[in-house]
Amino acid sequence: MAGDVTLAAVLAFSGAARRICRALGDPLARLIDFRGDPYPFYEAIRDRGTLVHSRLGPYLTASHELCSAVLRDARFGVIPSSELPPVDLGLSGDGPHRIVDPVDESFLKLDPPEHTRLRRMVSSSFTPHALRSRSEAITAIVTEFLDRVDGRGGFDLMRDFAARVPIKVICGLLGASDTRHEQMAEWGTTLAAAVDGVRSVRQVRHLRATLAELNDFLGLVIDAHRGQPADDVVGALMAQPELSREDLLATSGLLLTAGFETTVNLIGNGVLALLDNPEARQRLIDDPDAAPAVVEEILRFDPPAQYTGRLALEPVELAGKTIATGQYVVLLTAAANRDPAVFADPHRFDIDRVNAADHLSFAAGIHYCLGAGLARMEGAIALRALFTRFPDLRLAGPVVRRPSRAIRGVLRMPVQAAVSANTAA
Ligand code: HEM
């Protein structure tokens, strides 16, 4: 296909430019190709200054003050990743079967007034009152998956638990009865890796196929709701006659994908942090009500979403530099969470930290994560139940990390646990 040949050329060119910049020590080029522990790397960026320029165009910041200010500043907007260099995925086109990218075409990537209009249509499902009513259902889902692994001795924490719970929770919230969890877990991994930008034509083809499957799935959920008013998110969306097919697919797709991939990694990163910090883990076992504080510190210490970005909509003075219209600022929120100007002894995992909730792991401003309350609740219920049931949980093999940087998490985590009192009794 001619389009794919052009794409291959564009990717080869941008890859070469990135490799040259990386060899010259460029911070953004290094971030894009980074593997391994990102936290020392963020410190190296912090050491270079508050606002660091990349030869690739954008600025980067690890400063909490600056990240927070940009996220709340109406002179900055969002931009679909497909409009960022280097590629357009080639999904555009007309007609009723056009594939919609739920991340790029949703309100996550829209500025006001469109953002405000679409976000408002689903906000009522995420109020504290709406969430409280879901707590029992979440506890039942967590118990179901713990029961399934209890007595097995060994299991994969990610595949058998951390990925299962959020997928079932978000499907319930949306009103999707067919949860296809394995396929969804794969979609999540593919979409999360694409947030870093695509590298090869093969990856683009895989991404297109994933988005087509996701569209088919959402189309079935939407069709199942036709003429059947339902008390769930898709039901609420379909009660808005002005929403187009694209709006419906993008909004429900955003909630589905944002709703599980990040929460999966909150649970996984949380388990790793607790296995690495036996004192904190013991505190959680002795006092399960400490779970919300534990979750807050996990979010600060090792967040699933490591960075985001904003585009200047007009010239903006920032940290003594002028950001030109159209220039992009990469906001290293995971680095901001370890800014010593805000957090004492920032590299220490400390569940007693009084200002842990000042982290930027759910961003800030108008795009502040709509599912933050749900994620906090799911994380607390899941970790509390897991360590109460398996206080002796331990690693039983090598941990395999996800092939993504903007979304940080674990793909495989073999663990071992003694049979719990529940099963033994
Ligand atoms: C630990 C879990 C989660 C993390 C770390 C997380 C993180 C984030 C971040 C950083 C943003 C803002 C991105 C930006 O402005 O560039 C965001 C937005 C969003 N998140 Fe989450 N999220 C989590 C869970 C969830 C859940 C469970 C849902 C829904 C069920 C959800 C739905 C959304 C939506 C709809 C937006 C777009 C908000 C807007 O643009 O107004 N997230 N999330």
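We count ligands from 1, going down the list as the structure has it; atoms in each ligand are counted the same way.
Listed by number with element, the atoms of ligand 1 under 4.0 angstrom from any heavy atom of Thr308 are 14 (C), 16 (O). Taking every non-hydrogen atom of Leu266 and a distance limit under 4.0 Å, the qualifying atoms of ligand 1 come out as 1 (C). If you number the atoms of ligand 1 from 1 as listed, the ones under 4.0 Å from a heavy atom of Arg119 come out as 38 (C), 39 (C), 41 (O). Close approach to Thr263 involves these atoms of ligand 1, each under 4.0 Å from a residue heavy atom: 2 (C), 24 (C), 27 (C). Interface of Phe126 with ligand 1, defined as ligand atoms under 4.0 Å from a residue heavy atom, comprises 29 (C), 30 (C). The Leu255 neighbourhood of ligand 1 comprises atoms 35 (C), with distances under 4.0 Å to a heavy atom of that residue. For ligand 1, the atoms closer than 4.0 angstrom to any heavy atom of Ile170 are 30 (C).
The shortest side-chain heavy-atom distance between Tyr42 and Arg338 does not fall under the 4.5 Å cut-off.
Inspection of the Arg72 and Ser68 side chains reveals an N or O donor paired with an N or O acceptor under 3.5 Å. Counting only N and O atoms by type, the side chains of Arg402 and Thr189 include a donor and acceptor under 3.5 Å apart. A donor atom on one side chain and an acceptor atom on the other are found under 3.5 Å apart for Thr322 and Glu317.
Around atom 21 (Fe) of ligand 1, protein N, O or S atoms at less than 2.8 Å comprise Cys369 SG.
Using a 4.0 Å cut-off between charged nitrogen and carboxylate oxygen, Asp156 and Arg159 do not count as a salt-bridge pair. A salt bridge links Arg98 to Glu105: at least one charged side-chain nitrogen sits closer than 4.0 Å to a carboxylate oxygen. The existence of a salt bridge linking Glu296 and Arg376 is confirmed by a sub-4.0 Å separation between a basic side-chain nitrogen and an acidic carboxylate oxygen. Residues Asp147 and Arg389 are paired through a salt bridge, judged by an N-O separation under 4.0 Å between the basic side chain and the carboxylate.
Atom 37 (C) of ligand 1 has as its closest protein heavy atom Leu108 CD1, 3.7 Å. Protein heavy atom closest to atom 40 (O) of ligand 1, with residue, atom name and distance, is His367 ND1, 2.6 Å. Closest protein heavy atom to atom 35 (C) of ligand 1: Leu254 CD2, 3.6 Å. Counting only heavy atoms of the protein, atom 7 (C) of ligand 1 lies nearest to Ser361 O, 3.5 Å.
Taking the salt bridge (Lys or Arg N to Asp or Glu O under 4.0 Å) definition, one finds that Glu65 meets it with nothing, sequence neighbours left out.
Taking 4.0 Å as the cut-off, Phe260 does not count as a neighbour of ligand 1 on heavy-atom distance. Distances shorter than 4.0 angstrom occur between a heavy atom of Ile366 and an atom of ligand 1.
Listed by first then second residue, pairs satisfying ring-ring contact (aromatic ring centres under 6.0 Å, His included) with a partner in residues 289-319 read Phe301-Phe349, not counting sequence neighbours.
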Run the side-chain donor-acceptor check on residues 270-283: report pairs under 3.5 Å with partners two or more places apart or on a different chain.
from   : atom 1 : to     : atom 2 : distance (Å)
Asn277 : ND2    : Ala273 : O      : 2.7
Arg281 : NH1    : Leu393 : O      : 3.1
Arg281 : NH2    : Pro391 : O      : 2.6
Arg281 : NH2    : Leu393 : O      : 2.9
Gln282 : NE2    : Asp286 : OD1    : 3.0
Arg283 : NH1    : Asp352 : OD2    : 3.1
Arg283 : NH2    : Asp352 : OD1    : 3.0

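If you run side-chain hydrogen bond (donor to acceptor under 3.5 Å, both in side chains) between Ser361 and each of Thr333, Asn337, Asp302, only Asn337 comes through.
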* Test side-chain hydrogen bond (donor to acceptor under 3.5 Å, both in side chains) on His64 and Asp358 and set out the steps. => CA-CA 9 Å; His64 188 284; Asp358 291 341; over 6 Å; no

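Of the options Glu378, His115, His359, Arg310, the smallest heavy-atom separation from atom 41 (O) of ligand 1 is shown by His115.
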